[in-house]
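Note that ligands are numbered from 1 as they come in the structure, with each ligand's atoms numbered from 1 the same way. None of these values were measured; they are calculated from a predicted model.
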Amino acid sequence: MMSMMTNAPAIVTTPEELRRHMGRWKAAGETSALVPTMGALHEGHLSLVRLGRAEARRVIASIFVNPTQFGPGEDYESYPRQMEDDRQKLASEGCDLIYAPRAQTMYPEGAATSVHVDGPLTQCLCGLSRPHHFAGVATIVTKLLVHTAPDIAIFGEKDYQQLQVIRRLVTDLGLPVRILGGPIMRDEEGLALSSRNAYLSEEQLAIARSLNKEMRRTAARIAGGVDISEALEDAEQVLLRGGFDRIDYLEARDAATLEPVSRPGKGQARLFAAVFLGSTRLIDNMPVA
Ligand code: PAF
């Protein structure tokens, strides 16, 4: 039986079509919010769409699996692509338009321009283990912002480092857009929602769910005065004993600058983790409060 899709958002694939829609809305004095995604949408993305609807009259979701932010051997080819399913979810949240450009639109023949955010924000955490990742993100987000020219763009705090990198590039390039971060959405056991959770077996899911618990315990210990490096080392051991295959990083850093912190300050420290279960890499972060 065919499912009915009420008010399904139109899908546009070129900057020209996109500008026609945006131009009509701007002419009518309507504000707009962009929610950039790579598809495989879950409640985390949909919460950003809802935030967009609360902040602006029109919401555009972009869906583009961006090749330049994946490293060699990462999951670019296998990354889930499910446009019709995504469209239904966006329809149910009242999203107005989907921008799903083709790869050759975003990276035309001979493309030679990229955006690099240098400095401490990209030289730590995911920037070390995925060396080209943030240049890929910065490049595609800049293109999406230029094509869409929204009033607001919304990114999840699950990718907290990405959010800080995007704030930096928007400030540095003077782009006329307000960047908003949306809170991390978690399942009933606290696992941060991620499209990559779909790669996990039942057994791996159970292990994955222990990450946030151990991070919360560690954040509380640090806030309670336990030495940071001691608390982090303990937590690594707990995670490895609990079944994680590898810890990429587990660190406490300043929430704004991402500089390392050796002592908890005034609510500024944040805990960041990237861990492997098999070949699946999971990330999470939370404040040390
Ligand atoms: O967070 C993501 O899904 C991606 O990194 C983004 C921001 C859509 C850029 O491809």
Quiz item: In the protein, what heavy atom is nearest to atom 9 (C) of ligand 1, and what distance, to one decimal place, separates them?
Solution: Gln69 OE1, 3.3 Å

Quiz item: What residue and heavy atom of the protein are closest to atom 2 (C) of ligand 1, and at what distance?
Solution: Gln162 NE2, 3.9 Å

Would you say [Y] and [X] are linked by a side-chain donor-acceptor pair, where the criterion is simply a distance under 3.5 Å?
X      : Y      : result
Thr148 : Tyr99  : no
Tyr107 : Asn66  : yes
Arg281 : Ser129 : yes

Practice problem: Flag the pair Glu30 and Arg24 as a salt bridge only when some basic side-chain nitrogen lies within less than 4.0 angstrom of an acidic carboxylate oxygen. | Solution: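 Result for this pair is no, no salt bridge flagged.
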
Self-check item: Lys/Arg-Asp/Glu bridge criterion (N-O < 4.0 Å) met for Arg57, Asp151
Solution: no

Quiz item: Can you find an N/O atom of Thr37 closer than 3.5 Å to an N/O atom of ligand 1?
Solution: no

Quiz item: Taking atom 8 (C) of ligand 1 as the point of reference, which of Pro36, Gly39, Gly156 owns the nearest heavy atom?
Solution: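 Looking at heavy atoms only, Pro36 sits closest to atom 8 (C) of ligand 1.
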
Practice problem: May I ask you to list the atoms of ligand 1 that are less than 4.0 angstrom from any heavy atom of Ile140? | Solution: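 It comes down to these atoms of ligand 1: 9 (C), 10 (O).
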
